[in-house]
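Values reported hereafter were calculated over all heavy atoms of this structure, with side chains retained and with hydrogens, waters and symmetry mates removed. Both counts, for ligands and for their atoms, begin at 1 and track the order of listing.
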Amino acid sequence: MPQVTRDDIVSVLKRIAAPDGRGNLVSAGLVSEISIQDGTVMFAISTDPQHVKTMELLRAAVEKAVAAIPGVSKAIVALTAERPPQREPGPRAQAAQRGQAVPGIRHIVAVASGKGGVGKSTTAINIALGLKALGLRVAVLDADVYGPSMPKLFGLSGKPQAADVEGKKMKPMERFGVELMSIGFLVAEDTPMIWRGPMVMSALTQLLRETAWSETDVMIVDMPPGTGDAQLTLAQQTPLSGAVIVSTPQDLALIDARKGLNMFRKVNVPVLGIVENMSYFVCDGCGKRHEIFGHGGAREEAERLGVTFLGEVPLDRDVRLRSDRGEPVTATLPDGQHAAIYRDIARKVWEAVEQGGLARPAPRIVMDS
Ligand code: ADP
């Protein structure tokens with residue numbers, strides 16, 4: 001049997017992505033001292049105690065990969081909550097890490113919702129197109145790994161091409177003058193997507209960092225719905241300039257929206273504002289405005305929470321039909337009232353981004369009579 005060396009093991013570990021998708025296990029400083037005794041290899045991977053469950057999958061995979069190296073008779077890989085001392089980042093280093101920009105992309109804005117089905121993706125694409133209409137260079141990253149709908153909303157299919165001969169980066173897809181990358185381009189539609197936290201992160205980090213984006217003023221990230229671990233990690237580890245929360249007027253959705261808000265606050269990402277979607281319905285026949293879910297809940301909630309209210313989008317057949325046909329209203333009906341609403345929301349989003357996400361509604365002045 002050949003003698004296995006530490007270098008053999010390190011070179012295999014270097015091919016395994018770190019769970020947060022930033023580099024590999026070795027470059028992320030997650031691997032402890034490696035001990036080799038008569039073909040038995042032992043080391044530990046450090047992990048955040050909160051993520052032990054998902055890390056167990058990684059641990060088992062690493063163990064298998066190391067055991068397959070010629071000269072290794074047994075691999076014992078443990079998880080430890082302790083980080084190797086040399087790489088413990090302080091709060092400043094952590095902030096710097098989060099801020100690690102994607103070259104060529106000035107701002108990244110997440111569009112999120114506390115739960116699915118509130119029209120997050122529809123809002124995301126139309127905000128992106130609204131920003132484009134303002135003359136900005138715009139890209140969209142579909143991070144909704146559980147149900148990537150951006151290819152359909154953009155009316156795009158096919159596979160991204162390699163951007164260079166080595167095939168290291170992919171060219172983004174493009175339509176309406178907006179670049180798009182989605183996990184939906186890379187996996188068949190009927191593939192079950194059982195993504196666990198770490199896998200979600202590495203897939204997304206790859207999409208974000210291994211796409212040859214053009215120079216971009218603002219990238220819109222369509223987040224996976226909800227406020228679970230995967231979303232939190234994503235919010236924490238993408239260099240976000242801010243987040244937009246989409247909510248329907250129902251109370252329940254607002255409770256969810258509040259969770260979304262808290263999630264971003266927890267990781268110090270400025271919340272740029274709330275959009276109320278499916279806010280009201282204008283009847284084709286009588287032209288009357290019907291407030292099906294009640295109305296104004298999001299505006300009041302935004303005020304209460306001290307967050308900018310970005311606008312309200314009606315429930316409208318055109319919005320849905322065109323979305324489903326891959327002809328988003330903001331691009332295909334630019335003179336319509338919906339495009340105007342989305343452009344207005346986009347303008348407020350951009351203003352908030354440019355002000356560092358610190359936009360707050362002006363304090364209300366209450367006059368005593
Ligand atoms: P999410 O991303 O929150 O799951 P989607 O954007 O996929 O939601 O929207 C869910 C469904 O609602 C889609 O069929 C979409 O066309 C429709 N929809 C979204 N917003 C509106 C709207 N303002 N008016 C009419 N239909 C809408």
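Contact check on D316 versus R320 returns no salt bridge, with no Lys/Arg side-chain nitrogen under 4.0 Å from an Asp/Glu carboxylate oxygen. Using a cutoff of 4.0 Å between basic side-chain nitrogens and carboxylate oxygens, E351 and K348 are not scored as salt-bridged.
R106 and T216 are not linked by any side-chain donor-acceptor pair at a separation below 3.5 angstrom, with hydrogens and angles left out of the test. Between the side chains of T248 and N277, no donor-acceptor pair is found at a separation under 3.5 Å.
Nearest heavy-atom pair across A143 and V221 is CB-CG1, 3.6 Å.
The local environment of CD in E174 is crowded, with over 12 non-hydrogen atoms from other residues, nucleotides or ligands closer than 6.0 Å.
Residue-level contacts of ligand 1 at the 4.0 Å heavy-atom threshold are G117, V118, G119, K120, S121, T122, N277, M278, V313, P314, L315, D316, V319, R320, S323, D324.
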